[in-house]
Amino acid sequence: MDYLYRKTVPVAKKYDVIVAGAGCAGATAAIAAAREGAKTLLIDRLPFVGGTSTAVLDTFYGFYTPGKAPRKVIAGIPDDVIAGLQLHGAWLERPNTHGAGTGVTYHPEYLKVVWEDLAEKAGTEILLNAWVQDVVVSEGSISGLIVATKMGLRRFDASVMVDASGDADICYYTGAGYELAGEHEPAQTLTTTFKLVNVDIPRRKSVSKAEFHALMTEAAESGLYALPRKEGSDHITPVDHMMATIMTRLPSYKRDGKQVVNATDPELLSSAEISGRRQAIEYIRFLRNLVPGYERAQLSTFGVQIGVRETRRVYGDYRLTREDVLTARQFDDQIGLCGAPIEDHHEGADTKWHYLPEGRCVGIPFGTLLVRDCRNLLVAGRCFSATHDAHASVRSMAQCMSMGQAAGVAAARAVRDGCMPRDLRVAELRERLRQLGALVDSE
């Protein structure tokens, strides 16, 4: 159905490529497209670039495979991001609490500037505080996005679009097919992150992971603390005496008969944001009362928004599966690698982990970025085409950057060649990614 307001919103500007969502995937996609010479617009609803990487978390996972001999599997633009953080002395590498591999922990405030500098130096135009509200579609292609701004609705047109919104918002407005998390398997939970200062870190480190989890379990079972997750984690940051956490756990969906509502639902998400902060206060009380090193700790910050792991997963030309991940399958069209385990934050006290063979990686097929039901639309990031289990491995932020670089290069080359993204010669795309430093081959 074509609504009247679509016809009355004038075209503000035309681009070669528009990227919606400025998280790890979208920021990288916009940088890649602009570096390839495409006139590129990057849009985000937040007042800064970085999405989850700057609004929720402080650690990139997925750069390295886990195990005894870590192997770096992400490069290219992601290395430029790390180099930018290094200039500010705003990063460190550390082992993951649960064995997901070495993590790159950073200062999110510096990362905002790093993302924005890289994007602007590449020639990307950035529009913040802007919400994509609708799309203009004709004959299976998107010609424009309707965007809400402080000055009202504006329309931006482009030849190729990249949906890096995390929630597949453009796909949703377009009518492209997707699976809503929670329809078939329980959707991964939501997490409100928080950081504490004035922590005596040597004292905290004197408590082992097993002892820490035992304290959490005992506190919850005493009835004096409401702690739904019993094996949450905390970790050091680049700031002295500051610890960051992944502890809270809230449901991300609910079923009403056959209808499923998940974290794309505004009422559910609003309730989760409020409940998450209350739950975080309870974990802070536990830490201060019972965990050595936290006696004088004070709350520094909550995450700007609640952490969302999965909502809509689009149907692409290919759908990555659990078997693909756990057998470390390789693909002729792969544009990136992932060695991260399946990390399923289900409801309940623990998290389920399923590892790939030691030192191995699964390839990320270009087909998982091609939207089945729209000709000139690519996806990048956690809304890519995958089953619940496969998604729980490949959604790591480093892999989102890898997908973003591939989507951005593909979008720019499609504009240059006057074709649709799925008509590109994949061998040439893969070779171009190699030239740009990306790692696309497992061996």
Side-chain angles (χ1 to χ4, degrees), residues 1-3 6-7 9 11 14-23 25-26 29-30 32-33 38-44 131-147 155-181 183 264 310-320 333 335 364-387 391 400 403-426 429:
M1 182 182 294
D2 192 13
Y3 296 99
R6 289 179 182 156
K7 298 178 180 178
V9 177
V11 178
K14 294 184 178 180
Y15 296 86
D16 296 323
V17 176
I18 296 177
V19 181
K39 184 179 180 181
T40 304
L41 175 65
L42 177 62
I43 300 173
D44 200 87
W131 287 73
V132 176
Q133 296 290 285
D134 208 345
V135 298
V136 181
V137 181
S138 62
E139 298 180 356
S141 295
I142 302 174
S143 57
L145 301 183
I146 306 295
V147 179
R155 173 174 164 177
F156 298 97
D157 284 6
S159 300
V160 179
M161 307 281 185
V162 179
D163 187 343
S165 64
D167 298 323
D169 289 338
I170 298 181
C171 297
Y172 172 76
Y173 292 128
T174 303
Y178 62 87
E179 180 183 335
L180 190 65
E183 282 184 326
T264 56
E310 62 171 341
T311 51
R312 304 182 185 110
R313 300 190 305 276
V314 72
Y315 291 131
D317 285 10
Y318 184 79
R319 198 166 188 233
L320 199 69
D333 68 337
I335 46 75
I364 305 172
F366 182 53
T368 63
L369 311 186
L370 294 168
V371 179
R372 183 191 66 187
D373 301 324
C374 188
R375 299 170 63 237
N376 66 333
L377 178 60
L378 291 150
V379 293
R382 65 175 175 83
C383 53
F384 81 115
S385 180
T387 64
H391 176 273
C400 288
M403 287 186 266
Q405 179 159 330
V409 171
R413 292 175 76 88
V415 172
R416 182 200 68 183
D417 296 347
C419 68
M420 293 297 135
R422 65 169 41 84
D423 297 327
L424 290 169
R425 294 182 177 87
V426 176
L429 172 62

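Basis for what follows: all heavy atoms, side chains included, without hydrogens, waters or symmetry-related copies. By convention here, the first residue in the shown sequence is residue 1.
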Engineer: Whether the side chain of Ser385 engages the backbone of Tyr318 through a donor-acceptor N/O pair (distance < 3.5 Å, no angle test) should be reported.
Structural biologist: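 Side chain of Ser385 to backbone of Tyr318: a pair is present.
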
Engineer: Which distance, rounded to the nearest 0.5 Å, do you find between the CD of Glu310 and the OG1 of Thr264?
Structural biologist: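 Output value for this atom pair is 11.5 Å.
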
Engineer: Parallel, tilted or perpendicular: which describes the rings of Phe384 and His391, with under 30° parallel and over 60° perpendicular?
Structural biologist: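 It falls in the parallel class, under 30°.
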
Engineer: With rounding to the nearest 0.5 Å, note down the distance linking CG in Asp423 to CG in Leu370.
Structural biologist: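 Answer rounded to 0.5 Å: 9.5 Å.
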
Engineer: Considering all heavy atoms of both residues, which atom of Val160 and which atom of Pro421 are nearest to each other, and what is their separation?
Structural biologist: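 So the two residues come closest at CG1-CG, 4.1 Å.
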
Engineer: With a 6.0 Å cut-off (strictly less than), is the heavy-atom count around CZ of Arg416, excluding the residue itself, greater than 12?
Structural biologist: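 Yes.
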
Engineer: Counting N and O atoms only, with roles assigned by atom type, does the side chain of Asp157 sit under 3.5 Å from a partner on the main chain of Lys14, one being a donor and the other an acceptor?
Structural biologist: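 No, the answer is negative, given that no donor and acceptor are paired below the 3.5 Å cut-off.
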
Engineer: Please check: side-chain N/O of Arg422 versus main-chain N/O of Val371, any donor-acceptor pairing under 3.5 Å?
Structural biologist: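 Yes.
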
Engineer: How long is the span from the SG atom in Cys171 to the CG atom in Leu377, to the nearest 0.5 Å?
Structural biologist: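 Atom-to-atom, Cys171:SG and Leu377:CG are 4.5 Å apart.
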
Engineer: With a 4.5 Å limit on heavy-atom distance, are the side chains of Leu42 and Thr40 in contact?
Structural biologist: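 Heavy-atom side-chain distance check fails, nothing below 4.5 Å.
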
Engineer: Just how far is it from atom OH of Tyr15 to atom CE of Met161, taken to the nearest 0.5 Å?
Structural biologist: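 Taking OH in Tyr15 and CE in Met161, the distance rounds to 11.5 Å.
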
Engineer: Between the side chain of Asp134 and the main-chain N/O of Ile146, is any donor-acceptor distance below 3.5 Å?
Structural biologist: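 Not a single qualifying donor-acceptor pair exists.
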
Engineer: What is the minimum heavy-atom distance between Gly23 and Asp44, and which atoms define it?
Structural biologist: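 That closest heavy-atom pairing would be N-OD1, 4.3 Å.
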
Engineer: Are Leu320 and Ile364 side-chain neighbours, meaning at least one heavy-atom pair lies under 4.5 Å?
Structural biologist: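 Leu320 vs Ile364: side chains apart.
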
Engineer: Kindly say whether Asp167 contributes a backbone atom to a donor-acceptor pair with the side chain of Arg312 at under 3.5 angstrom?
Structural biologist: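 A pair under 3.5 Å: yes.
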
Engineer: Between Ile43 and Ile18, is there a side-chain heavy-atom distance shorter than 4.5 Å?
Structural biologist: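 Answer yes - side chains close enough.
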
Engineer: Can you see which heavy atom on Gln405 is nearest to which on Ala32, and at what distance?
Structural biologist: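 Closest approach of Gln405 to Ala32: O-CB, 3.7 Å.
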
Engineer: Will you find, in the side chains of Thr311 and Arg382, an N or O donor that is under 3.5 Å from an N or O acceptor?
Structural biologist: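 Judged by distance alone, the side chains do pair up.
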
Engineer: In Å, rounded to the nearest 0.5 Å, how long is the span from CG of Asp163 to OH of Tyr173?
Structural biologist: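 Separation between the atoms: 10.5 Å.
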
Engineer: Ala410 and Leu424: which non-hydrogen atoms are nearest, and at how many Å?
Structural biologist: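 Ala410 and Leu424 have their closest heavy atoms at O-CD1, 3.4 Å.
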
Engineer: Between the side chain of Arg375 and the main-chain N/O of Ser141, is any donor-acceptor distance below 3.5 Å?
Structural biologist: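 It does not hold such a pair.
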
Engineer: With side chains defined as the heavy atoms from C-beta onward, is the minimum distance between Phe366 and Leu378 less than 4.5 Å?
Structural biologist: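 They are in side-chain contact.
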
Engineer: Let's go through Val132 and Asp169 carefully: what are the C-alpha distance in whole Å and the side-chain angles of both, what is the deciding distance for side-chain contact (heavy atoms from CB on, under 4.5 Å) to 0.1 Å, and is it a yes or a no?
Structural biologist: CA-CA 8 Å; Val132 176; Asp169 289 338; 5.6 Å; no

Engineer: Taking all non-hydrogen atoms of both residues, which atom of Cys383 and which atom of Gly166 are closest, and how far apart?
Structural biologist: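 For Cys383 versus Gly166, the nearest heavy atoms are CB-O, 3.5 Å.
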
Engineer: Evaluate the side-chain proximity of Val136 to Ser143: yes if any heavy-atom separation is below 4.5 Å, no if none is.
Structural biologist: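 Ser143 vs Val136: side chains touch.
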
Engineer: Using a 3.5 Å distance criterion without hydrogens, assess whether the side chain of Asn376 forms a donor-acceptor pair with backbone atoms of Ile142.
Structural biologist: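 Here the side-chain-to-backbone pair exists.
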
Engineer: I need the minimum non-hydrogen distance between Ala412 and Val17, along with the two atoms involved.
Structural biologist: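 Here Ala412 and Val17 meet closest at N-CG2, 4.2 Å.
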
Engineer: Got Ile335 and Leu369 here, is their nearest side-chain heavy-atom distance under 4.5 Å?
Structural biologist: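 Side chain of Ile335 against side chain of Leu369, heavy atoms only: contact under 4.5 Å found.
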
